[in-house]
A.B. asks: 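Can you read through this structure? Questions will come right after.
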Amino acid sequence: MNLVTTIICIAAALCIILAIISFWLPQMNPDHEKLSPYECGFDPLGSARLPFSLRFFLVAILFLLFDLEIALLLPLPWGDQLMNPLTTFLWASAVLILLTLGLIYEWSQGGLEWAE
């Protein structure tokens, strides 16, 4: 029981010390850049009717697509415990091949080139 009490006291003291340091340590010097709103690299004070960069939109969609790929392939380690793990491997391979072909097509069309 004495060990548990010691661990709780050390944890509480560490939490209090870290909370005090986090309020004391940072510099509180707001400047123009910190006070201005962040709008994904766009000028927030300019016209709202400026055309949106289609290239930026395509790169964002590609990021979301490959992020979704990770979410779809995450349960694969549990798939080998099924009755037929070969089916899981085939479906995962089909997803990876399809995404790889899409990436190759996008690359060949120049969709990944940010600057021309």
Side-chain angles (χ1 to χ4, degrees):
M1 190 66 168
N2 194 13
L3 180 64
V4 173
T5 307
T6 305
I7 291 174
I8 290 174
C9 288
I10 291 173
L14 187 62
C15 288
I16 291 170
I17 289 171
L18 288 176
I20 290 171
I21 289 175
S22 71
F23 283 112
W24 174 66
L25 192 59
Q27 298 176 355
M28 298 293 184
N29 299 334
D31 58 356
H32 178 68
E33 291 295 323
K34 287 184 181 179
L35 293 177
S36 67
Y38 180 70
E39 298 287 339
C40 297
F42 299 110
D43 184 19
L45 302 176
S47 173
R49 301 291 179 208
L50 291 176
F52 186 75
S53 172
L54 188 60
R55 192 165 304 276
F56 178 78
F57 178 73
L58 287 175
V59 170
I61 292 295
L62 281 174
F63 173 77
L64 289 175
L65 191 95
F66 285 103
D67 197 36
L68 181 64
E69 170 207 357
I70 293 171
L72 287 174
L73 296 177
L74 198 60
L76 273 182
W78 293 279
D80 63 352
Q81 299 173 2
L82 297 173
M83 293 287 213
N84 192 359
L86 184 62
T87 307
T88 305
F89 175 72
L90 289 175
W91 280 108
S93 297
V95 168
L96 285 175
I97 289 170
L98 184 66
L99 286 172
T100 304
L101 290 174
L103 179 65
I104 291 170
Y105 175 74
E106 190 73 31
W107 197 342
S108 67
Q109 295 297 317
L112 299 177
E113 300 295 327
W114 188 259
E116 296 184 27

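Given the structure is predicted, the values throughout are model-derived calculations rather than measurements. Values below: every heavy atom of this structure, side chains too, minus hydrogens, waters and symmetry copies.
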A.B. asks: Using the rule that two of Ile, Leu, Val, Met, Phe, Trp, Tyr join whenever any of their side-chain heavy atoms come within less than 4.5 Å, decide whether Ile17 and Leu25 are in one cluster.
C.D. replies: yes

A.B. asks: Between side-chain atoms of residues 96-111 and protein atoms elsewhere (two or more places apart, or another chain), which donor-acceptor pairs fall under 3.5 Å?
C.D. replies:
{"unit_1": "Thr100", "atom_1": "OG1", "unit_2": "Leu96", "atom_2": "O", "d": "2.6"}
{"unit_1": "Ser108", "atom_1": "OG", "unit_2": "Ile104", "atom_2": "O", "d": "3.3"}
{"unit_1": "Ser108", "atom_1": "OG", "unit_2": "Tyr105", "atom_2": "O", "d": "2.8"}

A.B. asks: Using a distance-only test with no angle check, is there a side-chain donor-acceptor pair under 3.5 angstrom linking Thr5 and Asn2?
C.D. replies: no

A.B. asks: For the atom pair OG (Ser93) and CG (Leu86), what is the distance rounded to the nearest 0.5 Å?
C.D. replies: 9.0 Å

A.B. asks: Distance from Leu90 atom CG to Asn84 atom CG, nearest 0.5 Å?
C.D. replies: 8.5 Å

A.B. asks: Do Leu73 and Phe89 sit in one hydrophobic cluster, given that two such residues count as connected whenever their side-chain heavy atoms are within less than 4.5 Å of each other, even indirectly?
C.D. replies: no

